[in-house]
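Report on the following structure.
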Amino acid sequence: MDLFDGLEPPQGGREQMAPGAVLLRGRASGCGAALLDVIAGIAAEAPFRRMVTPGGFTMSVAMTNCGAAGWVTDRRGYRYAAQDPQTGRPWPAMPDVFARLAQEAAAEAGYPGFRPDVCLINRYEPGAKMALHQDKDERDFASPIVSVSLGLPAVFRFGGARRADPVVKYPLRHGDVVVWGGESRLWFHGIDALKPGAHPLAGPVRFNLTFRKAL
DNA sequence: TAGTCCCC
DNA sequence: GGCA
């Protein structure tokens with residue numbers, strides 16, 4: 001029996017999603033407005049853009065990056081690049097408020113040494129989604145992944161080591177932080193198509209910050 | 001080629 | 001599960 005069925009879960013709640021995977025409810029809600037301001041500053045230097053997959057499809061999610069390198073895709077494949085291919089300049093530096101949040105959330109989830117060197121910033125508009133996939137373009141699979149949700153809510157799917165493994169769906173709201181690593185570091189995950197809405201701070205969109213040690 | 005953050 |  002779920003005591004919080006149909007109600008908002010308590011702030012600071014913690015859910016074990018899988019071996020090595022933890023959902024920290026509302027962990028970033030206190031600094032959410034500051035994070036949104038910082039995202040706007042990064043986007044002014046490295047604009048959000050919808051990239052093309054190796055199969056030739058344009059992704060529905062718009063992306064930019066900050067940190068020592070950025071995740072990019074084009075017809076040639078997925079990779080981390082030190083320069084923004086759209087501007088030829090290095091990606092904006094990782095802001096302190098980003099690095100601290102990721103480090104602290106990882107430590108709370110059981111990964112005390114985590115020091116991210118890259119942050120992928122995803123912007124979801126209504127209808128945007130992320131197909132079930134693995135994060136395996138990083139050099140370091142020993143480090144976890146820290147994923148921060150801001151703005152509109154979304155449904156996160158977390159599966160298993162194989163594409164055909166069953167998935168569990170988690171509603172993610174503004175300020176929620178998901179950390180996965182260890183045994184589940186390479187497990188399949190994705191995001192359902194975003195439903196339209198209006199968030200008081202972010203407006204009609206969802207942002208996702210994904211911190212990794214990639215280099 | 002091998003792999004696939006896409007599509008159905 | 002198979003594209004292009």
**Study point:** dC3(C) pairs with, by Watson-Crick or G-U criteria that keep both distances under 3.5 Å
**Key:** none
Practice item. May I have the distance from Leu132(A) (atom CG) to dC7(B) (atom P), rounded to whole angstrom? Key: 13 Å
Review point. What is the distance from NE2 of His189(A) to C1' of dC6(B), rounded to the nearest Å?
Key: 15 Å
Point to revise | For atom CG of Asp137(A) and atom P of dC6(B), their distance in whole Å | key: 13 Å
**Study point:** P atoms of dC6(B) and dA2(B), separation to the nearest Å
**Key:** 24 Å
Point to revise | Lys/Arg N to Asp/Glu carboxylate O, Arg212(A) vs Asp135(A), below 4.0 Å | key: yes
Revision key, fill the gap. Any strand, both distances under 3.5 Å, Watson-Crick or G-U wobble: dG3(B) pairs with none
Review point. Separation of Phe57(A) atom CZ from dC3(C) atom P, in whole Å?
Key: 12 Å
**Study point:** Atom-pair distance (NE2 on His133(A); P on dC8(B)), nearest Å
**Key:** 18 Å
Practice item. Output the single nucleotide from dA4(C), dG3(B), dC6(B) whose closest atom is nearest the side chain of Arg75(A). Key: dA4(C)
Check your understanding: To the nearest angstrom, how far is Trp71(A) atom CH2 from dT4(B) atom C1'?
Key -> 11 Å
Exercise for review: Could you check whether the rings of Phe158(A) and Trp180(A) sit parallel, tilted or perpendicular, using 30° and 60° as the cut-offs?
Suggested key: perpendicular
Point to revise | N/O (side chain, Lys136(A)) to phosphate O (OP1/OP2, dT4(B)) under 4.0 Å | key: yes
Exercise for review: Starting at atom CG of Asp74(A), determine the distance to atom P of dT4(B), rounded to an integer number of angstrom.
Suggested key: 15 Å
Review point. Charged N to carboxylate O below 4.0 Å: is that the case for Asp117(A) and Lys213(A)?
Key: yes
Review point. Quick one: Arg50(A) CZ to dC6(B) C1', roughly how many Å, whole number?
Key: 13 Å
Check your understanding: How are the rings of His189(A) and Phe156(A) set to each other: parallel, tilted or perpendicular (split at 30° and 60°)?
Key -> tilted
